[in-house]
Amino acid sequence: MSNSGSRRVVWAGAGMKTSDGAGVKLTRVIGQPNLPDLDPLLMLDEFGSDDPNAYIAGFPEHPHRGFETVTYMLDGRMRHRDNKGYEGLLQSGSVQWMSAGRGIVHSEMPEQDHGLMRGFQLWVNLPAKDKMTAPRYQDIQPDKIPTATLAEGVEAKVLAGTVCGVKGPVDTGATEPFYFDIHLRANSQVDIALPDGHNAFVYVYEGAASVGDGAEAKLVPQQTIAVLSTGTKLHVSAAKDTRLILVAGKPLREPVAKYGPFVMNTQDELRQAFADYQAGKF
Ligand code: FE2
């Protein structure tokens, strides 16, 4: 029982190749048949290509209601515009945490016609009590994202949550999310504290990581998600240079009624979302 507080891998697998928006090629990691959701994390897409045909069409105007979209750009530039006149440019290393609340209509379009575009979009659910709040944006530039040294050779960009006394800039809500972009140099290892009850995953986007403690450790190769058990800490090591995201959120344990860009609690609320959108009420 000595490892009872240590998280282990309960499921690992690759994402599913798909396309979304006007034909952007991406890998759906959460929100696909093998991993429909990880309460409160509803979806994770990884996009990454240096072929403009894979991203140039972007995500023209579309609505959202009832949850948050989190876009983290590793490389590239994406311009965001909405129907309330809000506009922002997401550049390499920046994050946008958008709470759709009662509704927005926006577009997310590449602001480049060549070169690498790479990053993640995560969907985080909102509790019933916050689904109809006013929309809110947090556009955070790279110089506002602190780096924490977690161990020798292990550094984390802290987007949200707290690690080693370093607090991320995102003002978070009921799901108390953690979002770290972690770089492990070859032959490094680290123990990371996490709130016990949060659902959490690791997604390796470069290299390979050993996740879990001692005999329970599992090798997680590149472009693989590892869903973690509960526990108060996570042990990760890497034999080669490795980059991964570690994301955690407090489960809401509420009914989820979801269709396309709307995530509510009941079918009636979904019908209302469609009706309001069609009536131009967003
Ligand atoms: Fe969107």
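On a predicted model such as this, the values are computed, not experimentally measured, just so you know. All ligand and atom numbering here is 1-based and tracks the order in the structure.
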Original post:
So, do Phe47 and Tyr55 have ring centers that fall under 6.0 Å from each other?
Top reply: no

**OP:** State which residue, out of Asn265, Thr175, Leu41, Val256, fulfils the side chain to side chain contact (heavy atoms under 4.5 Å, CB included) condition with Asn125.
**Re:** Val256

Original post:
Do Glu254 and Lys131 meet the salt-bridge criterion of a basic N to acidic O distance under 4.0 Å?
Top reply: no

Subject >> SB check Asp51 Lys25 (cutoff 4.0 Å) >> reply: no

Original post:
Strictly under 6.0 Å, is that where the ring centroids of Tyr205 and Tyr203 end up?
Top reply: no

**OP:** Quick one: list whatever passes salt bridge (Lys or Arg N to Asp or Glu O under 4.0 Å) with Lys250, sequence neighbours left out.
**Re:** Glu176

Original post:
What number of protein N, O or S atoms occur at distances under 2.8 Å from the Fe ion (ligand 1)?
Top reply: 4

